[in-house]
Amino acid sequence: MRLLSRKIYRAFPELDQFDDSTCKRYINRTKQMSTTGMGCLLMILVFIASFIAWVFIEYNAIQVGVFWALEKLGMRVGPYTEIFIFLIAFSGYIWFPWIMLLLARDRWLYTQIKKQLKGVGCRECGYCLVGLPINETRFNGFVVCPECNSENFFNDRSLTRADIDPTFVSS
Ligand SMILES: [Zn+2]
């Protein structure tokens with residue numbers, strides 16, 4: 001898992017040939033296209049579930065577990081240590097759901113980019129057409145698949161130039 005990565009696009013070899021600013025525009029476009037009710041609902045559920053999970057983690061692992069372990073080790077828990085442990089435990093109601101939310105958002109974006117790249121596959125063999133040269137000589141332009149030689153016309157499919165060539169994505 002790419003932890004809160006800012007360069008999530010580098011996980012996709014299809015985008016390797018494009019520079020950072022082009023990839024960022026492409027990712028932003030994917031973000032805009034995938035900000036759906038379903039996505040938002042998923043994020044809210046992750047947040048709530050993480051909050052509830054922390055109730056159990058906080059009580060069982062920290063309040064009971066940590067103090068039990070410290071006692072077993074024969075370590076005396078001073079008042080400052082106790083305050084420190086409680087601070088981590090209670091602040092977890094804020095940071096734990098946020099971290100889980102960011103991880104879930106990253107994961108969601110990753111699957112959306114993957115889905116989008118997959119959608120730009122050759123109609124015959126599914127080979128990814130992203131980054132291939134656009135032939136403008138006939139009709140409204142087309143892309144020739146290097147794997148099976150089929151011509152993928154923009155007119156036949158709901159493809160746009162920006163789907164094939166991320167440099168066409170406007171900022
Ligand atoms: Zn093909």
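Ligands are counted one by one from 1 in listed order, and the atoms in each one are counted from 1 as well. All values below come from the heavy atoms of this structure, side chains included, with hydrogens, waters and symmetry mates left out.
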**Q** Inside 2.8 Å of the Zn ion (ligand 1) but strictly below it, how many protein N/O/S atoms are present?
**A**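 Considering protein N, O and S only, the Zn ion (ligand 1) has 4 within range.
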**Q** Output yes when D19 and R25 qualify as a salt bridge under the 4.0 Å nitrogen-oxygen rule, no when they do not.
**A**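 No, D19 and R25 are not salt-bridged.
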**Q** Mark yes or no for whether W54, through its side chain, and A89, through its backbone, hold a donor-acceptor pair below 3.5 Å.
**A**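 Yes; at least one donor-acceptor contact below 3.5 Å.
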**Q** Does OH in Y59 sit with more than 12 non-hydrogen atoms of other residues, nucleotides or ligands closer than 6.0 Å?
**A**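 Open.
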**Q** D163 vs Q116, test: side chain to side chain contact (heavy atoms under 4.5 Å, CB included). Steps then yes/no.
**A** CA-CA 8 Å; D163 286 326; Q116 189 170 356; 3.8 Å; yes
**Q** Please tell me whether W95 and F84 are part of a single hydrophobic cluster in this structure, the criterion being side-chain heavy atoms less than 4.5 Å apart.
**A**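 Yes; tracing contacts between hydrophobic side chains, which count when under 4.5 Å, links both residues.
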**Q** Determine the interplanar angle of the F51 and Y93 rings, folded into 0 to 90°, and report it as parallel if under 30°, tilted if 30 to 60°, perpendicular if over 60°.
**A**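 Geometry flag for Y93 against F51: tilted rings.
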